[in-house]
*Asks:* 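Encoded as structure tokens, here's the structure I'll be asking about.
What you are looking at is a predicted structure, and each value in this text was computed from that prediction instead of being measured. Protein chains get the first letters and strands the later ones, always in sequence-line order, with residue 1 at the start of each.
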There are 2 protein chains.
Amino acid sequence: MTKKIPLPSLKRLPKYYSIVCEYYKEGKEYIKSSEISKKLDIDETQVRKDIALLNCAGKPKVGFNINELKRYLEEFLDINNMKDSFLIGTGNLGLAIAKYNGFEKYGLNITALFDTDPHKIGLKVGEKEIFHVSKFPDLAQRMRVKIIILAVPREEAQKMADIAVKAGAKAIWNFAPANIDVPKDVLVINQDLATDFMVLWLQLHNKDLSI
Amino acid sequence: MTKKIPLPSLKRLPKYYSIVCEYYKEGKEYIKSSEISKKLDIDETQVRKDIALLNCAGKPKVGFNINELKRYLEEFLDINNMKDSFLIGTGNLGLAIAKYNGFEKYGLNITALFDTDPHKIGLKVGEKEIFHVSKFPDLAQRMRVKIIILAVPREEAQKMADIAVKAGAKAIWNFAPANIDVPKDVLVINQDLATDFMVLWLQLHNKDLSI
DNA sequence: TAGATTGTTAATCGATTAACAATC
DNA sequence: TAGATTGTTAATCGATTAACAATC
């Protein structure tokens, strides 16, 4: 039985965490909901409601204790748990993801890389070795890796997703511009950059044209 | 006076477009709202409502004409307009974005790259040259580029955003894990990968724990 | 014609915002 | 104490879903 957290709140909490960490680094002791509100352009009441979901209490007149709020957010976001994942596809985007250094802070750990290109097998990216995809099922099962990052070309996305699911994947973070079919118990998050860009473009345009 | 399109609808339309293009390539003539619905796991009525926003009419019993729907979507999404942009930051992620080939389809064109690293200035990435950031204001103004893609380290994000805004940027697609401050008339879309991952993680967890 | 699918109106649901009492 | 800020209840708003009439 989990308390139900609204998805919009879920999306805001990591943003709060990032601000709280800034305050923490600056050695501040308290933060007010109005400060978070201003920085993120989110309603003040909303911020308090979201924080209330964490069962973290603030002090009237002073705000929320940084250490405490940080701890509650870390607990909720499961920050200190290592989240192991495998990445399939070592093209430009795949390599950029593998080298991205913003993930550690949240405990995301990309343990191994996979590709089908024989020239790439055995190469190392930082500490991470590139394996042939044929090794995927065995490794995924042995290491109990449930999270897959897919950064392969559109045409291969479904095939690789099938392999991942068969090997026990429970969540696929899909960077390929493709809709992949998976069983209902597997979570797919599509990170389609082109679509994201279109939303930017349409919002920009709507702005200019409105009234 | 623009008709107001709900943001959630806005986000779904590019997905419909991608499916419609598949059908188009396969030479199909019609698509039913129920087919789109199933592929994207979106309510059928929702799909019809979204399409209605485009003023595109379907035929009872057969569905929507692919050519027509495709044309309406392209018009709405402004697909055939070239959308010029500049990219600041040519690290791993910046280069991956510069080389990403999924953008053309939507008319996004990255015209030039910028960095501060003297070793990179003058290099070419495909057809695109890397310029020193000091050239940015002049080029942005001459070419009337309004869209900036920011792929710089966290610490430089605000500084680069300031430069971009001063040079007339109206939209910033921010890949840096930083909250940047801009005037109210500038649109910022934050593409924080780590945050996106956390949402995946939390959803995955909620699933496992629920009931 | 009969039946499937669209298009639209009405009902529901849930998230956001406003109002305000509680509290340090 | 007075005043600022939290915490919570109620009101609003908007998006989703359900129901069903229109139509090919």
*Asks:* Within the structure shown, what part of the strands sits under 4.0 Å from A/K61 by heavy-atom distance: base, sugar-phosphate, or nothing?
*Replies:* base
*Asks:* Find the distance B/K38:NZ to C/dT5:C1' and express it as a whole number of Å.
*Replies:* 13 Å
*Asks:* Just how far, in rounded Å, is P of D/dT6 from CG of A/L54?
*Replies:* 15 Å
*Asks:* Considering Watson-Crick and G-U wobble pairs with both distances under 3.5 Å, what does C/dA22 pair with?
*Replies:* D/dT5
*Asks:* C/dA15 C1' sits how many Å from B/L7 CG, rounded?
*Replies:* 14 Å
*Asks:* Got a donor-acceptor contact below 3.5 angstrom from the A/D78 side chain to the A/N81 backbone?
*Replies:* no
*Asks:* Between D/dG7, C/dC24, C/dT5, which one does the side chain of A/A57 approach most closely?
*Replies:* D/dG7
*Asks:* Would you kindly give the CD-to-P distance between B/Q46 and C/dC13, to the nearest whole Å?
*Replies:* 16 Å
*Asks:* Looking at the base of C/dT17, is there any donor atom on it, or on the side chain of A/K49, that sits under 3.5 Å from an acceptor on the other one?
*Replies:* yes
*Asks:* Atom CD1 of B/I31 and atom C1' of C/dT6: how far apart are they, to the nearest Å?
*Replies:* 14 Å
*Asks:* What's the CD1-P distance between B/I51 and C/dG7, to the nearest Å?
*Replies:* 8 Å
*Asks:* With side chain to side chain contact (heavy atoms under 4.5 Å, CB included) as the test, would you mind laying out the steps for B/T195 and A/K11 before giving the verdict?
*Replies:* CA-CA 8 Å; B/T195 294; A/K11 291 187 179 176; over 6 Å; no
*Asks:* Please answer whether the main-chain N or O of B/A178 pairs with a side-chain N or O of B/N174 as donor and acceptor at a distance below 3.5 Å.
*Replies:* yes
*Asks:* Choosing from D/dT5, C/dT16, D/dA19, which nucleotide comes nearest the side chain of B/T45?
*Replies:* D/dA19
*Asks:* Is there a side-chain contact between A/R12 and the phosphate of C/dT16, meaning an N or O under 4.0 Å from OP1 or OP2?
*Replies:* yes
*Asks:* Heavy-atom count check: over 12 atoms from other residues, nucleotides or ligands less than 6.0 Å from A/E127 CD?
*Replies:* no
*Asks:* Any base atoms under 4.0 Å from A/S9, or only sugar-phosphate, or nothing? Heavy atoms, all strands.
*Replies:* nothing
*Asks:* Taking only side-chain nitrogens and oxygens of B/R48, does any of them come within less than 4.0 Å of OP1 or OP2 of C/dT6?
*Replies:* yes
*Asks:* How is A/K59 classified with respect to the nucleic acid when contacts are heavy atoms under 4.0 Å: base, sugar-phosphate, or nothing?
*Replies:* sugar-phosphate
*Asks:* Which nucleotide wins on minimum distance to the side chain of B/F64, given the candidates D/dT5, C/dG7, C/dT5?
*Replies:* C/dG7
*Asks:* To the nearest Å, give me how far apart CD (A/E44) and P (C/dC20) are.
*Replies:* 16 Å
*Asks:* Between A/I42 and A/G58, who's closer to the 5' end of DNA chain C by nearest nucleotide?
*Replies:* A/I42
*Asks:* With distance as the sole test, does A/E156 use its side chain to make a donor-acceptor pair with the main-chain N or O of A/P153 at under 3.5 Å?
*Replies:* no
*Asks:* Checking contacts here: which listed nucleotide (D/dT6, C/dT6, C/dT16) is nearest the side-chain heavy atoms of A/S33?
*Replies:* D/dT6
*Asks:* In the structure shown, which nucleotide is the Watson-Crick or G-U wobble counterpart of C/dC13, with both distances under 3.5 Å?
*Replies:* D/dG14
*Asks:* B/F197 pairs by ring pair (Phe, Tyr, Trp, His ring centres under 6.0 Å) with which of A/W173, A/F175, A/Y106?
*Replies:* A/W173
*Asks:* Whole angstroms only, please: what is the OH-P distance between B/Y30 and D/dC24?
*Replies:* 12 Å
